[in-house]
2 protein chains.
Amino acid sequence: MKLLPDKTVERLSQYRRAMLKTLASGKHHIYSHEIANILHITPVQVRRDIMLIGYTGTLRHGYDVSELIEIIGTIIDSEEGTRVAVVGAGSLGSAIIRYFNGKRTKLSIVAAFDVNPDKLNKLYAGVPCYPFEKIQEIVKQENIQLAVIATPASETAKVAEALVNAGIKGILNYTPSPINVSSQVYLEEYDMVTSLEKVAYFAKHGK
Amino acid sequence: MKLLPDKTVERLSQYRRAMLKTLASGKHHIYSHEIANILHITPVQVRRDIMLIGYTGTLRHGYDVSELIEIIGTIIDSEEGTRVAVVGAGSLGSAIIRYFNGKRTKLSIVAAFDVNPDKLNKLYAGVPCYPFEKIQEIVKQENIQLAVIATPASETAKVAEALVNAGIKGILNYTPSPINVSSQVYLEEYDMVTSLEKVAYFAKHGK
DNA sequence: ACTCAACTGTTATTTAAATCACAAAGATAA
DNA sequence: TTATCTTTGTGATTTAAATAACAGTTGAGT
Ligand SMILES: NC(=O)c1ccc[n+]([C@@H]2O[C@H](COP(=O)([O-])OP(=O)(O)OC[C@H]3O[C@@H](n4cnc5c(N)ncnc54)[C@H](O)[C@@H]3O)[C@@H](O)[C@H]2O)c1
Ligand SMILES: NC(=O)c1ccc[n+]([C@@H]2O[C@H](COP(=O)([O-])OP(=O)(O)OC[C@H]3O[C@@H](n4cnc5c(N)ncnc54)[C@H](O)[C@@H]3O)[C@@H](O)[C@H]2O)c1
């Protein structure tokens with residue numbers, strides 16, 4: 001299958017989560033307009049995305065919920081589950097760990113890293129916190145593929161470099177410091193201040 | 001000035017923050033390619049954004065840092081400063097409050113809301129936490145314009161409705177439940193699970 | 001059997017965003 | 001002075017994403 005568009009991948013993740021609820025409620029089929037209503041987008045957008053992954057529904061009953069969930073899984077998840085580390089076990093980092101721990105997805109946070117001795121050798125929602133210096137070792141040992149950065153901004157570059165050297169495949173950076181990494185590593189950045197300033201702008205100017 | 005593109009607004013927020021550091025370091029002028037390097041984007045992107053806000057630099061020295069910061073301020077900020085509420089003083093909500101409190105921007109978080117009696121009548125990084133039922137009253141009284149939702153997902157719809165009724169102008173929703181609001185209110189949604197699943201996909205398939 | 005209503009799947013079009021390509025201008029150096 | 005270098009500003013083009021438009025299918029109702 002061809003590489004999917006960015007936005008399609010984001011929506012597939014959301015379709016899946018919406019459908020897990022649907023399934024839990026005992027419904028086995030779903031129409032594009034039902035998915036669309038949940039996410040407040042258009043049905044045609046839903047159908048197009050589903051077309052892109054090569055799945056096809058039935059005319060009378062729409063999509064088979066379990067099948068579609070399954071297929072989205074084969075696209076997003078890796079077979080054995082994806083193992084994730086959080087770097088920086090501060091207020092944001094520990095909130096993230098606790099949060100993901102509650103979900104049952106193929107993503108599991110299996111390690112935290114910090115430099116503060118007070119944070120080390122503790123469990124955060126069952127996840128052990130290791131010293132940052134051991135990052136290379138633990139990433140390999142635990143077969144960790146992705147990392148979330150939640151350290152102070154001043155540390156971002158150093159952390160990113162260590163992660164890349166350790167062989168991480170993807171990084172989600174919640175720090176306000178933009179980083180750049182080898183094109184081998186997929187990088188996603190998100191900055192809450194930017195997001196809130198954007199809300200401020202459009203709330204002020206209307207849209 | 002015409003309404004700016006979404007992405008331009010996001011970048012302007014980042015340019016400003018980058019330039020605040022520049023200014024602190026004693027530099028008074030900056031070239032498009034210097035800004036671009038900080039954010040890891042192209043210089044032409046920077047120039048185009050700056051063109052859209054009608055500012056113009058000088059050929060030999062690039063942009064005047066203070067002037068550009070000032071102008072971005074008039075675009076994004078509101079004169080008197082923007083007042084923000086956080087609904088849900090849990091792990092994410094309180095992390096956000098603490099975080100924003102440290103920055104000195106025109107955005108200030110001035111109130112939290114919760115339903116849990118244990119959370120009420122306390123200060124989170126100096127911000128008072130009010131009972132959710134008083135939201136209408138406090139939003140008006142405190143002249144709050146924007147809100148961040150960080151309650152459990154099950155509460156999102158109810159919270160959003162209350163916020164809209166209270167006359168909020170913009171909402172940033174960190175809950176995984178999509179909401180829809182009157183087109184009078186600007187809505188931005190961000191879901192960490194989606195973000196991390198996107199990283200998983202592109203780390204797996206390469207991009 | 002025929003018609004209608006309600007879906008899906010897909011092509012064509014539009015809109016939004018990013019990039020390319022280059023003219024214009026000011027400083028510097030020969 | 002004139003050539004050259006560096007940088008901005010912007011029209012033209014390309015790419016990515018969303019939307020529109022509609023053909024095709026199937027079952028229900030008659
Ligand atoms: N708290 C929020 O809601 C929030 C929101 C948006 C962005 N952020 C960003 O997230 C980051 C973390 O924020 P926070 O509020 O959790 O801060 P925090 O200070 O609570 O946590 C940072 C943690 O990182 C650890 N750390 C420092 N250097 C490290 C290193 N080299 N390796 C590993 N760990 C290291 C610290 O010991 C600390 O535990 C910041 O960059 C902040 O800008 C936070
Ligand atoms: N913690 C994270 O890192 C994280 C990451 C991504 C998304 N989220 C989302 O953010 C939301 C909050 O997560 P959290 O980890 O902080 O949860 P949490 O349980 O720690 O906090 C939720 C808070 O909301 C309060 N609350 C419940 N109903 C309310 C209501 N009607 N009005 C006001 N407050 C109410 C609760 O009393 C609690 O204090 C969840 O929807 C979660 O999906 C959290």
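So that the names make sense, note that chain A is the first sequence line, chain B the second, and so on, each numbered from 1.
By the salt bridge (charged side-chain N to carboxylate O under 4.0 Å, His left out) test, A:R47 pairs with no residue at all, sequence neighbours left out. With sequence neighbours left out, the side-chain contact (heavy atoms from CB on, under 4.5 Å) criterion links B:L3 to A:Y201, A:F202, A:H205, A:K207. Residues that satisfy the salt bridge (charged side-chain N to carboxylate O under 4.0 Å, His left out) test with A:R98, not counting sequence neighbours, are absent from this structure. Judged as a salt bridge (charged side-chain N to carboxylate O under 4.0 Å, His left out), and not counting sequence neighbours, B:K204 has no contacts.
The base of D:dT10 has none of its N or O atoms less than 3.5 Å from a complementary donor or acceptor on the side chain of B:R48.
Comparing B:T56 and A:K7, the nucleotide of DNA chain D nearest to each residue sits closer to the 5' end for B:T56. For the pair B:Y63 and A:P5, nearest-nucleotide mapping onto DNA chain D gives the more 5' position to B:Y63.
In this structure, A:D49 atom CG and D:dT19 atom C1' are separated by 13 Å, rounded to whole Å. Atom CZ of A:R11 is separated from atom C1' of D:dT19 by 12 Å (rounded to the nearest Å). Rounded to whole angstrom, the span from the CG atom of A:L68 across to the C1' atom of C:dG9 amounts to 15 Å. Atom OH of B:Y55 is separated from atom P of D:dG9 by 9 Å (rounded to the nearest Å). Regarding A:M51, its CE atom lies at a distance of 17 Å from the C1' atom of C:dC7, rounded to whole Å. In this structure, CZ of A:R47 is placed 17 Å from P of C:dA12, rounded to the nearest angstrom. One interatomic measurement links the two molecules: CD1 of B:I53 to C1' of D:dT8, which rounds to 14 Å at whole-angstrom precision. Rounded to whole Å, the distance from NZ on A:K2 to C1' on D:dA17 is 13 Å.
Among the protein residues, B:T58 comes within range of the sugar-phosphate backbone only, with heavy atoms under 4.0 Å from sugar or phosphate atoms but none that close to a base.
Proximity of B:Y15 to B:L39: side-chain heavy atoms (C-beta onward) are separated by under 4.5 Å at one or more points.
Ring orientation note: the planes of B:Y130 and B:F113 are tilted relative to one another, at an angle of 30° to 60°.
For the segment residues 17-45 of chain A, residues with any heavy atom less than 4.0 angstrom from an atom of DNA chain D are, sorted by number, A:V44, A:Q45.
Shown here is A:K134, whose NZ atom has no more than 12 heavy atoms of other residues, nucleotides or ligands within 6.0 Å. Taking a 6.0 Å sphere around NZ of B:K169, one finds it holds 12 or fewer heavy atoms contributed by other residues, nucleotides or ligands.
Here B:D77 pairs with B:R16 in a salt bridge; the nearest charged N to carboxylate O distance falls below 4.0 Å.
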Query raised in the report: How does protein contact run along nucleotides 24-30 of chain C, one letter per nucleotide 5' to 3', with B for base contact, S for sugar-phosphate only, - for none, heavy atoms under 4.0 Å?
Result: -BBS---
